[in-house]
Amino acid sequence: MNHPPYDSWMFEVNNLTNQQKKELYEHLRSCPACSSLQNNWEEFHTAATSLPVLAPAEGFTQRWRKTARVKKELQARNQVKRFFIELLIASGLSLSSSLIYMLSTQSFFEWVLVLFTNGIRVLLQSGKVLQALITWFGVIPPAYPITIGFLLVGIFGVLSVIWFYIFVVYVCGRGVKSYEKIR
Amino acid sequence: MAESEMEWLQKAVQGSEEAFEVLVEMYQKPVYNLCYRMLGNAQDAEDAAQESFWRAYQALHRYDQQRPFLTWLLSIAAHYCIDQHRKRKLPSIELDLLPEETIPVDAPIPELSVLQSEQEIKVQKMLSVLSNQDRAAIILRYWYDFSEEEISRALSLSVSAVKSRMHRSRKRIAEMWASQETIPYSMEKVV
């Protein structure tokens with residue numbers, strides 16, 4: 001039943017002017033339907049506002065801490081994954097675009113020939129470099145090459161451990177398992 | 001906002017996790033209460049409250065410090081609960097179709113005394129027949145004393161839309177309140 005403006009006034013009695021309140025109460029006295037609606041609303045309002053604020057189970061903040069930690073792990077893992085995927089896509093794109101460029105500017109046979117001759121040239125160059133290194137190693141005292149060798153092996157070893165750790169922690173999904181455990 | 005709250009908030013915005021945990025401790029009740037009123041059960045409310053705090057933590061750099069923190073937090077929670085309803089495609093339902101007991105038997109019990117209240121269940125049933133945004137508007141207005149402007153900001157609606165939603169919801173509740181029988185509550189159902 002619509003009795004404007006009383007059907008909206010009855011829900012906001014506190015916001016009405018004295019004159020509006022007077023008009024509303026006069027209408028409510030003469031209209032049982034509106035009066036009943038207004039009573040129902042008042043009952044609901046009283047019931048709703050008298051209910052206490054509900055609290056979560058004990059330890060909400062501790063659970064939040066755990067959840068946040070696991071979500072951060074997941075985020076980091078996803079970032080590493082995204083980085084690898086982007087790297088893969090970028091490499092694929094650059095490789096395929098250079099391949100397309102080469103194939104469109106030269107015949108495939110010429111391209112293979114250039115690749116082959118350049119490869120041979122690089123090998124010969126590296127042979128010369130190797131020879132120069134051997135000569136150089138012959139001149140300097142024997143302790144230096146051994147030290148350099150140990151240093152290089154050490155650096156590569158440490159880098160391998162770091163990469164292995166990143167791979168195990170972020171790519172193999174240790175974070176996901178612990179998140180599921182908490183859930 | 002109290003001075004200590006302001007300090008914690010400043011620290012949290014600057015990136016302190018400990019400070020944000022203090023804020024979680026401070027605001028867990030209002031956020032959980034909103035989620036409970038929106039979703040109607042303790043487990044979903046717990047999950048939604050946790051997720052709301054996580055979203056707030058992630059978006060802390062976007063928080064406008066001119067705005068009360070609780071208002072911002074409740075806005076995040078209300079949006080999340082509305083999204084949850086949409087994702088699960090839970091329609092607002094007619095009162096006759098509602099089961100007698102809306103709180104699952106094995107659900108964690110936040111406050112047994114409150115759940116025992118017949119009024120509690122009756123009010124919760126009333127809320128569950130409203131649409132998601134209408135319910136959010138009513139909860140923010142009558143549980144958190146939000147003004148119509150604050151509700152419109154929190155729910156990303158125009159003030160006139162909030163007014164018409166509020167009117168529609170209040171009328172619907174008023175029409176249904178009397179027809180809703182008081183539900184007898186059995187202790188055995190909960191324990």
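By convention in this document, chain letters (A, B, ...) are assigned in the order of the sequence lines, proteins followed by strands, and residues within each chain are numbered from 1. For the numbers below, each heavy atom of this structure counts, side chains included, while hydrogens, waters and symmetry mates do not. Computed from a predicted structure; not experimentally measured.
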Per-residue contact mode, Trp54(B) against chain A (heavy atom under 4.5 angstrom): both
Residue part contacting chain B, namely of Glu42(A), when any heavy atom lies under 4.5 Å: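 Neither the backbone nor the side chain of Glu42(A) comes within 4.5 Å of chain B.
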Pair Lys171(B)-Phe11(A), side-chain contact (heavy atoms from CB on, under 4.5 Å): steps then yes or no: CA-CA 8 Å; Lys171(B) 199 171 179 188; Phe11(A) 300 122; 4.1 Å; yes
Heavy-atom pairs under 4.5 Å with chain A, option from His167(B), Met166(B), Gln58(B), Glu21(B) with the top count: Glu21(B)
Heavy-atom check, side chain of Val53(A) versus side chain of Arg37(B), under 4.5 Å: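 No, every pair of side-chain atoms sits at 4.5 Å or beyond.
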Verdict with supporting geometry, Lys71(A) and Glu51(B), salt bridge (Lys or Arg N to Asp or Glu O under 4.0 Å): CA-CA 10 Å; Lys71(A) 284 192 173 185; Glu51(B) 182 62 29; 2.4 Å; yes
Exceeds 12 heavy-atom contacts within 6.0 angstrom, atom CZ of Arg153(B):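 Atom CZ in Arg153(B) is not crowded, with 12 or fewer foreign heavy atoms closer than 6.0 Å.
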Electrostatic pair Lys72(A)-Glu17(B), nearest N-O below 4.0 angstrom: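 Result for this pair is yes, salt bridge flagged.
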Ring centers of Trp41(A), Tyr142(B) separated by less than 6.0 Å: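 When the ring centroids of Trp41(A) and Tyr142(B) are compared, they turn out to be within the sub-6.0 Å range.
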Contact check, side chains of Gln50(B) and Lys66(A), non-hydrogen atoms, under 4.5 Å: no
pair Asp7(A)-Arg170(B): side-chain heavy atoms closer than 4.5 Å: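 They are not in side-chain contact.
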Nearest-0.5 Å distance that lies between atom CG in Leu34(B) and atom CG in Leu54(A): 11.0 Å
Residues Arg65(A) and Glu25(B) bridged, charged N to O under 4.0 Å: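 The answer is no: the pair does not qualify as a salt bridge.
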Top of Asn39(A), Thr49(A), Thr61(A) for chain B proximity - count of heavy-atom pairs under 4.5 angstrom: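 Answer, by heavy-atom pair count under 4.5 Å with chain B: Thr61(A).
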Shared hydrophobic cluster, Tyr80(B) / Tyr57(B) (ILVMFWY, side-chain heavy atoms < 4.5 Å):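 Tyr80(B) and Tyr57(B): separate clusters.
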Aromatic contact, Phe60(A) with Phe53(B) (centres under 6.0 Å): yes
Beyond-backbone contact of Leu37(A) with Glu175(B), side-chain heavy atoms, under 4.5 angstrom: yes
Chain B contact via Gln75(A) - which portion, at a heavy-atom distance below 4.5 Å: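 Contact with chain B is through the side chain of Gln75(A) alone.
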Test item: side-chain donor near acceptor, Trp177(B) and Glu43(A), under 3.5 Å: yes
